[in-house]
Amino acid sequence: GQQLNQSPQSMFIQEGEDVSMNCTSSSIFNTWLWYKQDPGEGPVLLIALYKAGELTSNGRLTAQFGITRKDSFLNISASIPSDVGIYFCVRGSNFGNEKLTFGTGTRLTIIP
Amino acid sequence: DTGVSQDPRHKITKRGQNVTFRCDPISEHNRLYWYRQTLGQGPEFLTYFQNEAQLEKSRLLSDRFSAERPKGSFSTLEIQRTEQGDSAMYLCASSLLAGGVVDEQFFGPGTRLTVL
């Protein structure tokens, strides 16, 4: 089946550091989404990407849809304590956002 | 609060019992989704509805699982004869299909099921 592999699996950083994580797929996607999940809560959409090569920002977050349509990265600049959580890259279906397929996740921890 | 709500937030049950979860989507949303998330994994799609019609079911949805959305608003997910492997977080999401375009899925806080 289709797999979304995220790296790294976990990150331990200090407040103020920049963060970079990526996601690769064995197949081509038409839509890349990045969600964040706080402990005990449901995932929340951060950024949506719809075109190969697209670079999109949302505040301190920047994400890009790879040219090959098989990868994406998410960067977080100047991390703050509320950035703690699990970040998922997500595939939407070819027709839109039905049936999301989530990656393996990157767990971000900020060391005091 | 106008987000997706789920009830209960936590459920502990004994193996073999039946459980039912409820999801109330955002009021104008016509699509409703159920996902299951086990510890350390991302959510996995179970099923989705457009209004009251159940349009797709995953292989993960065994015959012990049934979901309904009788009036196209709230939905219930029932698990019969629960097994320890059913222990997971059950997430509900909703979205709006309009003009042939499906908008963002908004997730509820989930129901955490523990089967003893």
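Every value quoted in this text rests on a predicted model; they were computed, and no experiment measured them. Lettering of chains follows the sequences in order, A, B, ..., and the numbering in each one begins at 1.
Ring geometry, Phe65(B) versus Tyr90(B): the interplanar angle falls from 30° to 60°, so the pair is classed tilted. Between Phe102(A) and Phe107(B), the ring planes lie perpendicular to each other; the angle is over 60°, past the 30° to 60° tilted range.
There is no contact between Gln6(A) and chain B, counting heavy-atom distances below 4.5 Å. Looking at Gln37(B), only its side chain comes within 4.5 Å of chain A, counting heavy atoms on both sides. Residue Arg112(B): no heavy atom, backbone or side chain, is found under 4.5 Å from chain A. Contacts between Glu56(B) and chain A at a heavy-atom distance below 4.5 Å involve the side chain alone, from C-beta outward.
Applying the 6.0 Å contact sphere to CG of Leu39(B) captures no more than 12 heavy atoms from other residues, nucleotides or ligands. Around the CD atom of Gln9(A), the shell of radius 6.0 Å holds no more than 12 heavy atoms that belong to other residues, nucleotides or ligands.
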